[in-house]
Amino acid sequence: MTHMQQGTNLPKVGSYNRAVVLEAIQASDGISRVQVASVTGLTAQTVSVIVRRLLEEGLVVEDGSAPSRGGKPATILRVDAGAGYAVGVHFDPKALSCVLADLAGRPVARLHLPVRPRARPDAVVRQMARAARRILREVGVPDGKVLGVGLACPGPLDGDGVMVSPPRLPAWAGTPIRELLQEYTRFPVTVDNDATAAAIGERWAGIARSAPSFAYLYLGTGIGGGLFLDNQVYRGRSLNAGEFGHITVEPDGPECYCGNRGCVEAVCCPSAIEAASGGADHADVCAAAARGEPAARAVIERVADRLAVAAVSVVNMLDIDLLVLGGPALRDVGGIYREAIAAAVAGRTMARRLHAVRVETSPIAADAAAIGAASLVFHATYAPRLGTLLSG
C-alpha cells in the first residue's frame with residue numbers, strides 16, 4: 001500500500017485540496033499532473049484522483065502533451081475556459097462597467113453605461129441587473145453556464161453586502177446592495193469593495209497569477225487597496241482592509257472626510273488633481289501630463305511623489321515583493337506613477353538590500369474592478385481558502 005502524505009481529518013479537506021489543484025491549473029498556462037503534485041505538495045495519487053474528477057466535471061481539459069525526460073510525454077492540463085462564466089459588475093459613482101468573463105478570467109464581452117446623477121439606489125441596481133441580462137443575451141450564454149454575478153462597489157461593506165455609510169455616496173447608506181442585485185438578476189451574487197475585487201481580478205487573470213503576496217493600489221473616484229498575503233486574499237476584521245487611501249502623506253495637508261489630514265485620497269484622487277489644475281478635467285490633465293506639458297506634468301508628478309510615500313509605507317509594513325497599480329484613474333499617467341513609486345521603493349524601503357520589489361501597472365487597469373468582480377465568483381467557488389478548511 002502506498003504511503004500517502006499525511007492529510008487532515010477536517011471535514012472540508014477534500015474540497016480544499018480540489019480547489020488547490022484547480023487553482024494550480026488555472027494559474028499556469030498548461031501544466032502536467034507531475035507539476036501539479038510538485039507545486040501543491042500533494043501526492044501523485046491524490047492529484048490523479050482530483051484531476052479525474054475535474055475532467056469528468058468538464059472544468060479541466062487535457063490539451064496536448066509536453067516532452068518529458070524519458071518515458072511517455074506528460075499530458076498537459078488546462079482550465080476549460082468555456083465551462084463556466086461569471087458576470088462582473090463594477091459600480092463607480094459615475095459609471096457602471098459590466099463584463100462577461102470565462103473561467104480563465106478572460107473578458108468575452110464588455111458594457112459601459114453612465115449612472116444618472118442623483119439616481120436612486122433601487123433604480124441603479126435595476127440598471128445593473130438589466131446590464132447583466134443584456135450582456136448574457138448578446139453573447140448567447142445560457143443561464144445554466146452562469147456561476148453567478150460578482151459586484152465590485154465602493155466600501156465600506158458589511159458581511160451581508162450592505163453598504164455602510166459610503167463617503168462618496170451618502171444616499172446609499174444602509175442599501176442591501178447584494179440582496180437587491182440577487183433579487184433582480186436571480187443569480188447568486190458575490191460582493192466586495194472595488195479595490196479588493198480588482199486585486200482578485202489581477203490574481204485570477206492579470207500579472208499577479210503566481211505571486212504569493214502582493215498589494216494592489218487602486219485608483220478610482222477614490223483611492224483604495226487590496227491585499228493578497230501568503231496566497232490568501234486578506235480582507236481584515238470587518239472586511240475593509242487595505243485602506244491605502246487613508247495613509248497620511250502630508251501632515252499639514254487638506255482635511256479628509258475620514259477625519260485625518262493630508263491622506264493619499266485627499267491629495268491624489270481625481271477631484272484633488274482637478275482642483276490643483278484650476279478645475280480642468282482629470283482626463284485632460286492626465287493626457288496633457290503624458291504629452292509633457294509642464295503645468296500638468298508638475299501636478300501629476302506631485303501626485304506620483306505622494307503615492308510613492310504611501311507605497312513605501314505599504315512595502316515596509318508587509319514586506320511584499322510585488323505592488324500592482326490599477327483602476328480607472330490610472331489613465332495615461334500609469335507610467336509616471338510607476339516610475340516614481342518604483343524609484344522610491346527601490347531606494348527607501350528597509351528590506352531593499354534583501355530583495356527587489358516589482359512595481360507594475362495592471363494590464364487590465366481600466367476594467368480591473370469589473371473583471372475582478374467576475375473573478376470574485378470564481379474565487380468564491382474555487383479558490384482554496386484556509387478559512388473554509390478550518391470552519392468545520
Side-chain angles (χ1 to χ4, degrees), residues 12 15-16 19-20 23 86 88-91 105 148-167 169 172 175-179 181-182 188-206 208-209 211-220 222-247 258 264-265 310 313-315 317-320 322-324 326-327 362 368-392:
K12 299 184 181 170
S15 60
Y16 178 78
V20 168
E23 191 179 53
V89 178
H90 175 211
F91 166 41
V149 174
L151 171 64
C153 65
L157 294 157
D158 73 10
D160 296 320
V162 176
M163 293 172 81
V164 185
S165 310
L169 293 163
W172 287 73
T175 300
I177 192 164
R178 188 188 71 84
E179 200 177 287
L181 190 57
Q182 198 155 282
V189 172
T190 311
V191 64
D192 215 322
N193 76 59
D194 42 18
T196 300
I200 288 172
E202 210 60 55
R203 173 56 180 233
W204 198 264
R209 284 169 80 149
S213 299
F214 70 96
Y216 191 104
L217 181 55
Y218 179 83
L219 306 168
I223 292 174
L227 294 172
F228 260 78
L229 302 174
D230 295 334
N231 291 307
Q232 304 290 313
V233 61
Y234 182 75
R235 291 192 172 86
R237 172 76 180 78
S238 69
L239 312 180
N240 291 288
E243 284 288 5
F244 302 159
H246 298 285
I247 294 172
C258 74
V264 173
E265 184 158 316
S313 293
V314 169
V315 172
M317 180 71 71
L318 300 172
D319 194 27
I320 47 174
L322 173 63
L323 185 66
V324 181
S362 165
I371 292 171
S375 306
L376 287 175
V377 176
F378 302 136
H379 194 77
T381 312
Y382 299 122
R385 291 195 302 286
L386 286 170
T388 307
L389 184 61
L390 301 172
S391 63

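All values derive from a computational prediction rather than experimental measurement.
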Student: Quick one: pull up CG in Asp192 and CG in Asn240 and give me the separation to the nearest 0.5 Å.
Tutor: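 Those atoms lie 8.5 Å apart.
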Student: I need the Ile371 CD1 to Leu376 CG distance, nearest 0.5 Å.
Tutor: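 Going from the CD1 atom of Ile371 to the CG atom of Leu376 covers 12.0 Å.
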Student: Quick check for you: to the nearest 0.5 Å, what is the distance between Glu202 atom CD and Phe214 atom CZ?
Tutor: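 Reported value, rounded in 0.5 Å steps: 6.5 Å.
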Student: Looking at Asp160, is its backbone amide N or carbonyl O close enough to the side chain of Asp158 to form a donor-acceptor pair, meaning the two atoms are under 3.5 Å apart?
Tutor: yes
Student: If you take all heavy atoms of Ile247 and Ala310, which pair is closest and at what distance?
Tutor: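 That closest heavy-atom pairing would be CD1-O, 4.0 Å.
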Student: If I compare all heavy atoms of Ala215 with all of Ile320, which pair ends up nearest, and what's the gap?
Tutor: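 In terms of heavy atoms, the two residues are closest at CB-CD1, 3.4 Å.
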Student: side-chain contact (heavy atoms from CB on, under 4.5 Å), that's the test. Do Leu227 and Phe244 meet it? Break it down for me.
Tutor: CA-CA 10 Å; Leu227 294 172; Phe244 302 159; 3.5 Å; yes
Student: Give the minimum heavy-atom separation between Val149 and Val377, together with the two atoms involved.
Tutor: C-CG2, 3.5 Å
Student: Between the side chain of Ser213 and the main-chain N/O of Asp230, is any donor-acceptor distance below 3.5 Å?
Tutor: yes
Student: Can you give me the closest heavy-atom contact between Val191 and Cys153, atom names plus distance?
Tutor: CG2-SG, 4.1 Å
Student: How far does CD of Glu23 sit from CZ of Arg209, to the nearest 0.5 angstrom?
Tutor: 10.5 Å
Student: Is there a donor-acceptor pair under 3.5 Å between the side chain of Arg235 and the backbone N or O of Gly242?
Tutor: no
Student: What's the shortest heavy-atom distance between Ala197 and Ala152, and which atoms?
Tutor: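 The answer is CB-CB, 3.6 Å.
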Student: Calculate, to the nearest 0.5 Å, the distance between atoms CZ and CD1 belonging to Phe228 and Ile200 respectively.
Tutor: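 Answer rounded to 0.5 Å: 5.0 Å.
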Student: How many angstroms lie between atom CG of Leu181 and atom OG1 of Thr175, to the nearest 0.5 angstrom?
Tutor: 12.5 Å
Student: Determine the minimum heavy-atom distance between Pro167 and Pro156, stating which atoms define it.
Tutor: CD-CD, 4.1 Å
Student: Between Glu265 and His246, is there a donor-acceptor pair closer than 3.5 Å when you use the side chain of the first and the backbone of the second?
Tutor: no
Student: Taking the inter-plane angle between the rings of His90 and Tyr218 on a 0 to 90° scale, is it parallel (under 30°), tilted (30 to 60°) or perpendicular (over 60°)?
Tutor: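 Aromatic pair His90/Tyr218 classed perpendicular.
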